[in-house]
Amino acid sequence: MVSLMGKVVRTALYLFASVNPERVKSAIPGCSGLDKIFWKTPNREFKHYDAKTKNGTKYEVYLPKSGAKNDNVVYYLHGGAYIGKQNWIYRYQSRYYSQAAGGATVVYVDYDVAPEAKYPTQLNQALDVWDEITGKLGFKAENVVCGGDSAGGNLCLAMMLKLRDAGKPMPRGAFCYSPWTDMLATGDSYVDNYTVDIMFGKKNGVLDDKVREKFMNYDVYSWCLGSDRADPYVSPVNGDYHDFPPMCFTVGCDEMLRSDTETIVKNLHKNKVPVTVFRGNGMWHVFTLFHGIIPEATAAFSVVTNFISDRFETWDYSYPSKKYRLS
């Protein structure tokens with residue numbers, strides 16, 4: 001059963017947030033400009049600053065004004081189909097990530113977006129900020145937990161594959177909300193969930209070869225045009241996940257991208273990597289970011305904050321907390 005608020009949000013998203021090529025001509029309006037939609041929460045218990053690496057990659061740093069644990073970092077890579085920019089729906093999460101990690105510093109990469117910037121720009125910039133965190137900022141890789149949603153989940157996983165393949169130290173763990181990992185849309189859920197996915201699907205539609213071709217040439221994929229879409233750094237669903245740290249995923253049961261998560265989870269299990277998965281019944285893509293609004297998302301986000309607390313062994317925090325819910 002889906003909660004009443006979940007049903008309300010589902011209806012609103014289907015009407016106003018579609019990025020289906022049969023319903024809207026371009027995905028860009030739906031994925032960009034989010035900074036104008038979400039309120040600019042002051043994060044009043046944090047101080048923050050913007051910075052650039054020596055290579056010019058922009059990033060943001062949030063630090064608790066009190067109770068900071070200077071050893072711990074949460075490094076977040078935002079979503080938006082590589083079209084949407086860093087915005088306040090992500091910055092708003094700083095308090096939760098930091099508190100779950102015992103007062104950690106929270107860092108966000110502000111990567112260049114498509115269609116102007118294409119692969120491997122975003123991956124190089126994510127790695128650039130990783131090097132900044134573990135270099136200039138002075139944090140150890142073992143004290144970093146990474147996270148990302150949708151395209152940011154893609155970027156998080158690709159970055160970790162790159163680090164592992166280069167023999168570099170890996171983060172302490174990572175969490176992903178509905179990571180977008182299959183640029184060839186080969187998973188069963190793309191077909192099975194086409195009529196129920198409120199963002200990418202179409203009621204009474206069919207994902208046949210003609211529609212799939214529309215997707216493959218749609219501007220939602222503009223970031224990887226000209227690249228080998230089967231490359232694991234482009235489509236992490238094709239990666240091998242040996243020697244990965246513990247992982248946590250949330251995914252909607254009704255989203256077309258469900259297979260993107262399920263295939264990676266199977267690979268992690270095969271490689272005996274500890275993995276936690278929350279599946280939201282009747283839920284959509286990145287539904288977890290609606291925590292505090294719909295109960296299914298609140299339950300999923302609680303799993304994530306518990307995962308962060310477990311990784312840092314800071315067990316004195318639990319979500320939800322009413323103190324900063326809407327401020």
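- The list of ring-ring contact (aromatic ring centres under 6.0 Å, His included) pairs with a residue in residues 230-255, not counting sequence neighbours, reads Tyr241-Phe244.
- Side-chain contact of Tyr59 with Asp128: a donor-acceptor pair under 3.5 Å is absent, judged by distance alone.
- Partners of Lys136 under the side chain to side chain contact (heavy atoms under 4.5 Å, CB included) rule, at least two apart in sequence or in another chain, are Glu132.
- Judged as a salt bridge (Lys or Arg N to Asp or Glu O under 4.0 Å), and not counting sequence neighbours, Asp182 has no contacts.
- Not counting sequence neighbours, the partners of Lys140 by the side chain to side chain contact (heavy atoms under 4.5 Å, CB included) test are Glu142, Asn143.
- Under the salt bridge (Lys or Arg N to Asp or Glu O under 4.0 Å) criterion, Arg10 pairs with Asp254, not counting sequence neighbours.
- Residues forming a side chain to side chain contact (heavy atoms under 4.5 Å, CB included) with Ser189 (at least two apart in sequence, or on another chain): Asn193, Arg258, Ser259.
- In this structure, Arg311 has no salt bridge (Lys or Arg N to Asp or Glu O under 4.0 Å) partners at least two apart in sequence or on a different chain.
- Here Thr11 pairs with Leu15 under the side chain to side chain contact (heavy atoms under 4.5 Å, CB included) rule; sequence neighbours left out.
- Within the structure, the side-chain hydrogen bond (donor to acceptor under 3.5 Å, both in side chains) test picks out the following pairs touching residues 108-118 (sequence neighbours left out): His78-Tyr111, Ser94-Tyr108, Asp112-Gln125.
- Membership of an apolar cluster is not assigned to Met1, as no side-chain contact below 4.5 Å to another ILVMFWY residue is traced.
- Take Tyr177 and apply the ring pair (Phe, Tyr, Trp, His ring centres under 6.0 Å) test, not counting sequence neighbours, and it matches Phe175.
- For Tyr218, there are no ring pair (Phe, Tyr, Trp, His ring centres under 6.0 Å) partners at least two apart in sequence or on another chain.
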